[in-house]
Amino acid sequence: MTLDVSTLSLCASIVFMLALGMNLVRKNTTLIGLYILQSFTVASALFIMGVNEGAVGLLYAGLLTLIIKVGIAPVFLGKLIRKYSIHFSASSYLSMPLALSALAITTGFSYIISGRFVGTEASAIPLLFATIFCAFFLMINRRGTLSIVLGVLSLENGVVLLSSMLGNAHTFALEFMVAFDIAVWILIASVFLEMLYRQFGVVETSRAMSTLTEEE
Amino acid sequence: MLISLLLATPLVSAGLSALVTREQKRLLEYGAVLSSLMQVAFVCTIGFQVLSGEVVNASSALQADALGAFAILFISVVGFAAAMHSVGHLREEVQKGTIGFRRVRQYFVLYHLFFLAMYAAAVSASPLLTWITVEATTLASVFLITFYGKASALEAGWKFLIINSVGLLFGFLGSLLFLSAAAESGASETFITWDVLRSLATTLDPTLIKVAFVFVLVGFGTKVGFVPMHPWLPDAHSNAPIPISGLLSGVLLNIALIGILRFRAVADLTIDPAFSEGLLLGFGIISLVVATLIMFVQRNYKRLLAYSSIEHMGFMAIGFGLGGGGALAALFHMLYHALIKSVLFFAAGNFFLRYGTTKIAEIRGAISTLPVSASIFLIGLFLAAGLPPSGIFFTEMSILSSALQASPFLACTALIALLLAFTAFLKYGSAMLFSEPPAEIEKGEHNYWTLASIALLFFIFVVISIHIPRPLYELVEAAAAIIR
């Protein structure tokens with residue numbers, strides 16, 4: 001298999017477009033669907049790089065990504081949506097035109113800070129930095145807790161793919177521990193979503209969370 | 001072997017605690033105290049071995065150098081006192097009906113796992129493993145913050161989880177960029193340790209290291225509680241059970257700061273040290289000033305102590321930023337702060353048990369209702385603010401004199417902030433302690449577990465303020481050499 005610029009750039013472009021899409025959709029099931037696609041793209045990219053470079057660590061990383069992010073995480077989050085009928089994510093702080101402008105600015109910023117990267121991955125890296133900032137923007141712009149959780153997970157997708165493209169090959173033990181950390185995080189975040197819903201009856205941070213201010 | 005034993009002790013304790021039944025509930029308490037005592041013994045042995053020049057490691061992934069040994073030293077000492085305090089504190093909560101056996105069991109399981117993660121973070125030999133274990137401290141402690149299940153605790157836990165996770169993801173990116181720079185420089189190992197990274201430091205790409213260090217500082221700095229990434233900290237510290245608040249403030253913040261210092265030691269060999277110095281001084285002075293100002297408008301004494309921790313972290317960052325004697329003083333400051341802040345939180349915990357509130361306005365006449373706790377709390381406030389003969393006085397003077405040479409403006413700003421923090425402590429401390437107590441509040445102290453924990457840490461603090469034992473000084477000096 002030949003790994004050329006277009007293969008990596010294509011993967012990075014898909015991951016970036018999906019991160020952008022996550023900022024645009026309102027329906028939670030669609031949000032999860034985009035996250036599954038993004039994780040699947042990340043896993044595929046890891047497999048392709050692993051096979052091409054003969055790096056076993058990347059193959060493990062791809063496999064673990066597939067199991068945890070494409071398999072386990074969506075099941076957990078999907079159950080929550082069905083259980084509490086939270087089919088639509090909450091509103092955002094910025095209107096759509098403003099959000100798009102902010103995303104355009106962060107994407108431009110990504111190209112500025114990654115200008116020094118050279119090599120076969122040079123065109124993919126700014127896109128992955130942009131993915132990271134898009135995911136971060138999703139978290140801070142949305143009121144819905146599910147969007148925030150998916151923002152963290154999408155950000156993590158961007159970081160994993162970026163690090164792999166920058167040439168980080170790790171041992172299986174380390175890959176496993178990173179994946180384990182993330183799996184536990186997903187579990188805890190899902191438990192938190194349940195607890196928040198039981199406590200406040202909504203899963204929207206702005207409406208639910210004013211208790212601390214009152215108790216200060 | 002010793003590191004394996006150190007890590008196995010809390011792990012086994014957590015497993016055994018999960019199996020304890022209602023009839024055996026005392027096992028949870030005595031198990032925690034015994035386990036913590038064993039950890040102190042292991043840590044002291046590790047410390048002496050490190051001082052004698054031996055390599056103390058469990059594998060290539062876990063290794064205690066002087067900095068790691070120093071960190072696990074204060075984790076274990078504060079941990080032992082926190083275990084004792086937990087026993088007394090939870091017993092009273094159970095008596096009052098606030099919590100039941102299941103919550104107590106849950107508490108001790110998470111308590112041990114929290115320590116496992118902190119020890120592992122302190123002795124991680126690799127940047128990536130450091131990130132994993134620091135993230136693990138977040139995961140292990142989040143349900144301790146939501147322990148009481150109140151709405152505010154849930155909100156605090158959520159903020160803690162999300163803000164720290166995002167921060168640490170940026171830290172993860174920074175760590176990976178460091179590793180990527182090492183790979184570019186020809187590191188052949190797939191498992192890159194701190195030693196490998198340091199040995200390659202002069203050949204790393206300077207621009208990449210600059211970007212990486214910024215991500216690390218913002219990421220791990222979120223966990224340290226640097227302003228402006230701090231919003232999770234006062235909420236989490238004020239909602240967690242008191243022994244956990246003490247651990248979060250006194251111990252956990254330092255673990256993340258040590259992570260930053262390890263990266264900084266590499267970055268300074270690659271790029272001009274003025275870069276990291278400027279960033280640390282910037283975050284340090286902003287954290288110090290902002291936290292001090294917010295301390296003045298506090299209505300909750302746990303939040304007051306939490307903001308005081310941000311203030312101290314900021315001050316330490318200034319010391320570390322200045323380097324040299326400032327870094328040595330900052331390491332001692334870290335130790336003193338870990339001890340005295342835990343004392344303050346534990347003493348405040350006795351106020352909470354007696355008055356049932358964390359609001360400053362509702363605590364009156366504590367000196368007559370809780371004479372021992374209140375006296376130690378008052379003296380502790382003065383000592384934490386840096387009044388002689390507190391060790392903090394000497395570390396603050398040392399850092400300020402270094403700051404004066406570097407920038408008189410910085411030194412003056414820091415000095416004013418420290419004086420303001422002292423004034424805030426005096427204002428709220430006197431209000432809580434010296435007015436007339438409410439008639440319905442019982443007088444006297446009978447909870448010997450909580451008193452013993454406070455007395456132990458207070459005693460250690462006073463002793464090492466007056467005289468630093470030679471081995472301890474050598475250990476801190478060796479630790480300072482690693483981060484200079």
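To find a chain, count down the sequence lines: A is the first, B the second, and so on, and within it residues start at 1.
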Neighbour count >12 (heavy atoms, 6.0 Å) for atom NZ, Lys210(B): no

Part of Leu187(A) within contact of chain B (heavy atom distance under 4.5 Å): neither

Contact check, side chains of Leu169(B) and Phe136(A), non-hydrogen atoms, under 4.5 Å: no

Proximity breakdown for Tyr301(B) and chain A, heavy-atom pairs closer than 4.5 Å: neither

Exercise: identify the closest heavy-atom pair between Val152(A) and Ile162(B): CG2-CD1, 4.4 Å

Among Thr138(B), Thr146(B), Leu173(B), residue most engaged with chain A (heavy-atom pairs, under 4.5 Å): Leu173(B)

Verdict with supporting geometry, Thr145(A) and Trp158(B), side chain to side chain donor-acceptor pair (under 3.5 Å): CA-CA 9 Å; Thr145(A) 45; Trp158(B) 175 254; over 6 Å; no

For Phe192(A) against Leu154(B), the heavy-atom pair lying closest together: CE2-O, 3.6 Å

Interatomic distance, Ser165(B) atom OG to Ile148(A) atom CD1 [nearest 0.5 angstrom]: 12.0 Å

Heavy-atom side-chain contact between Leu176(B) and Val159(A) under 4.5 Å: yes

Taking every non-hydrogen atom, the tightest pair across Gln199(A) and Ala151(B): NE2-CB, 3.6 Å

Met17(A) CE: over 12 foreign heavy atoms closer than 6.0 Å: no

Rounded distance (nearest 0.5 Å) linking atom CE of Met139(A) with atom CD1 of Ile163(B): 8.5 Å

Neighbour count above 12 (heavy atom, 6.0 Å) for Tyr148(B) OH: yes

Leu162(A) side, atom CG; Phe172(B) side, atom CZ - distance, nearest 0.5 Å: 10.5 Å

